[in-house]
Protein chains: 4
Amino acid sequence: MFSKFLKLKPEKQEQIINAALKVFSRESYKQASTDEIVNAAGISKGALFHYFRSKKDLYLFLYDYVTKVLTDEYFGSIDLSERDILLRLQQMCLLKLSLLKKHPDMMNFAAKAFVEEDDEIKGNIMEKNKEITAKGYSNFQDNIDTSKLREDVDDQMALNIIRWTFEGYANKEQAALRNHPMDEVLFDKWISEINGYIEIIRKCLYKGGNEP
Amino acid sequence: MFSKFLKLKPEKQEQIINAALKVFSRESYKQASTDEIVNAAGISKGALFHYFRSKKDLYLFLYDYVTKVLTDEYFGSIDLSERDILLRLQQMCLLKLSLLKKHPDMMNFAAKAFVEEDDEIKGNIMEKNKEITAKGYSNFQDNIDTSKLREDVDDQMALNIIRWTFEGYANKEQAALRNHPMDEVLFDKWISEINGYIEIIRKCLYKGGNEP
Amino acid sequence: MFSKFLKLKPEKQEQIINAALKVFSRESYKQASTDEIVNAAGISKGALFHYFRSKKDLYLFLYDYVTKVLTDEYFGSIDLSERDILLRLQQMCLLKLSLLKKHPDMMNFAAKAFVEEDDEIKGNIMEKNKEITAKGYSNFQDNIDTSKLREDVDDQMALNIIRWTFEGYANKEQAALRNHPMDEVLFDKWISEINGYIEIIRKCLYKGGNEP
Amino acid sequence: MFSKFLKLKPEKQEQIINAALKVFSRESYKQASTDEIVNAAGISKGALFHYFRSKKDLYLFLYDYVTKVLTDEYFGSIDLSERDILLRLQQMCLLKLSLLKKHPDMMNFAAKAFVEEDDEIKGNIMEKNKEITAKGYSNFQDNIDTSKLREDVDDQMALNIIRWTFEGYANKEQAALRNHPMDEVLFDKWISEINGYIEIIRKCLYKGGNEP
DNA sequence: TATGAATGAGGATTCATTCAT
DNA sequence: TATGAATGAATCCTCATTCAT
């Protein structure tokens, strides 16, 4: 499967993948047009269906491809030995925001694919997600040292609050990303704001934080 | 406009609205098929276009309808004089979860419509959203008494953490909703868990909370 | 046939006929919409199909009606004992132009119906035309006194030139009619111009005209 | 535009053009059915919309095509240096009748298009007509030598009578064309009859014609 | 008799997929 | 292997006609 595509020169593969990602990251599965994809990729209609047998196969190939690239970059960059949840989430949050800027089409494609509800592919995507989960990419709270958390607060609830805070921040910034260029200044802002939240959480939910 | 539809017997109106909401809450604007809608509603193709002149008009009618029902039920039930953010968000969160169970199709439709990007309707939806915003439905943090918050923590950041906590909780429960029936037990669970988070936040982010 | 329609009060009949004529004189048979007709007539959809069984029947009724009114007014006003072709065509031409202004919808309807090629009605219209012709409305050149025409010119050819001249003039003026109001001034212009052509023809094609 | 169509084999282009012309020369723009066109052309529905993006585009393409063919054949065959109006109109009339027999669908299409009132295309057709007019195809009476006309008759009125005579003759013959085959005999009849009219007009409206 | 809601076949257009070259 | 012309099912929408009230 996909062997015909994989025999192409890497540059051509990339060119086709990028074109398809661009289209699929903007439109839903059904609305995305193969015409637009072949035009953006600079190949013929027949070629696309020669490499991939169908639109569905192309989509699922892209899903695997994107999943692999993103998980590699994501989990390859995260220090899973960091047992302090704040430092781990700081990494994760910055990494996610960086990936959004580095691979916007992939990230948007992944986000769209995650909620895609077209019957033609929904089943396959859910299956693939199960496989990914099964591979056991460590969760944000695996192997976390909870001993630093306040004792008068339920650990899991504290972890949830911390996670939701970082998720909320990442979402807020993601929405802003569309309008602003990504540069050193923006990255520094992220670091400084994230550290602000870390400080608050450390103060409030960790042992030995200041008295309110 | 829509006068022909509004002359129908209420039961029939409801039957058509429900059918359309079911389809539009599952599929995007473009993918949603009028065939499926008329089949679900048990009416003929011609009838649909007799009541609403076009698919677009039907969609925008539904948007207005849903917006009205949800804002009425939502803002009609919220006590905006409550100046303690925790109590206000407790109300909002419970209400949102209740609405999700009471009107799942409406809530999903509203969520989908909010991010709908089809050129045919995007402009209209944005316009309607402006009108809604202009009507001044108060924001979650309008008129909030921030004097209760810890003084050694930035107010806005504290409010963000609190909001994201409730949003995170609501999202988590929303995902679970599809599989469980909504009943007294579930509602009690929500109250108890939300109160758990409230207690933690009060302890950590409010003046005079316990020392960690 | 049409008995139900003919039982209506004359004013209502007229109102319906006028509305239908307005629509059919603007649009072709197929494109003319029964919706537009009932709206213009201020009656319900059902009523129209109650009076006339179908769009086709309505159209054919109108054709008969218009044919009758126009031939009555036309042949009722023409003095067929006038044996001078110029005076007869002068009458006919002025009458046609007057009718165009007096009954524009009828004239346009008749003109459109004459070239209507929709299979649903073409046969019926052609049949009706045969009947009309069979009734023997006298032709423009019936009973004409050709003795006044130059002897060195073929009578039939001379009559053709004369007829085509008047037809050409009438067509030219008809096109101009849409933009100008019909009034005394316009009528006088017609008379004066037509007399100009008559004078030329008398001079050129009649015995004893001036030498060129 | 139309590049896809123009890449087809000439025979296929012709086959499609002829099918479309046949349908559009019989029905109005709106009533003409693309189904009928594709059946007549022996191609699939999709193919038609592959070559031309829409029914409108097909129609406007045909208009340009027909206009070009007809004006080329028409103005390519007319000797505009002929300053005698009778000889010029003799050419024009014969040419028009020949074209009617050679390209009946094109001529009928052109005639229908000229009075087409459908909003979807009316504007475009009028624009194209302006362009054509602007190209300055000389009018029937441009550069005419009026010095040969009788001095006791208004020049413009004389020219009108002459034009209307030839138009009338062409119209009469056009109506007869549908039933008769076009052959040498018919063409000879036209020449002889037209020459008959020319002789009469020369005798009556030109200087030095015989005394009536 | 009159109403207007309802029907469903028909029309233009789109698009994934096939296939001759 | 690559091309892009061709297919036809599916989609939104229209409108003469019917029928319950």
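Treat the numbers as computed from the prediction; the structure is a model and nothing was measured. Throughout, protein chains are lettered first and strands after them, A, B, ... in sequence-line order, and every chain is numbered starting at 1.
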For DNA chain E, the dot-bracket notation using Watson-Crick and G-U wobble pairs below 3.5 Å, [ ] for pseudoknot-type crossings and | for other-strand pairs, is .||||||||||||||||||||

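Comparing E/dT13, F/dT7, E/dT18 by their closest approach to the side chain of A/F49 singles out E/dT18. Distances from the side chain of D/S44 to the nucleotides E/dA5, F/dT7, E/dT7 place F/dT7 closest.
Residue order along DNA chain F, read from the 5' end via each residue's closest nucleotide, puts A/K4 first among D/H50 and A/K4. Judged by closest nucleotide on DNA chain F, D/G42 is the one of D/G42 and C/S54 placed further toward the 5' end.
The distance from atom CD1 of C/I43 to atom C1' of E/dG4 is 12 Å, rounded to the nearest whole Å. D/L58 places its CG atom 13 Å from the C1' atom of E/dT13, with the value rounded to the nearest Å.
Taking NZ of D/K22 as the start and CG of D/N18 as the end, the distance is 7.5 Å to the nearest 0.5 Å.
Taken residue by residue, residues 6-17 of chain D places no heavy atom nearer than 4.0 Å to DNA chain E. Contacts with DNA chain E (heavy atom under 4.0 Å) in residues 118-127 of chain C: none are found.
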Check: protein-nucleotides 9-11 of chain F nitrogen or oxygen pairs below 3.5 Å:
none

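Side-chain nitrogen and oxygen atoms of A/Y51 include none within less than 4.0 Å of the OP1 or OP2 phosphate oxygen of F/dT1.
Residues D/K45 and D/V38 approach most closely at CA-CG1, 4.0 Å, considering heavy atoms. Residue C/R26 comes nearest to C/K112 through the heavy atom pair O-NZ, 3.4 Å, listed as atom of the first residue, atom of the second, then distance.
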Pairs under 3.5 angstrom only: tabulate donor-acceptor contacts from the side chains of residues 46-61 of chain A to other protein residues two or more places apart or in another chain.
| unit_1 | atom_1 | unit_2 | atom_2 | d |
| --- | --- | --- | --- | --- |
| A/S54 | OG | A/K56 | N | 3.4 |
| A/S54 | OG | A/D57 | N | 3.1 |
| A/K55 | NZ | A/Y29 | O | 2.8 |
| A/K55 | NZ | A/K30 | O | 3.1 |
| A/K55 | NZ | A/A32 | O | 2.8 |
| A/K56 | NZ | A/E120 | O | 3.4 |

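Looking at D/M106 and D/L70, their side chains come closer than 4.5 Å, going by heavy atoms from C-beta outward.
Every residue two or more places apart in sequence or in another chain was checked for a side-chain hydrogen bond (donor to acceptor under 3.5 Å, both in side chains) with D/D35, and none qualifies.
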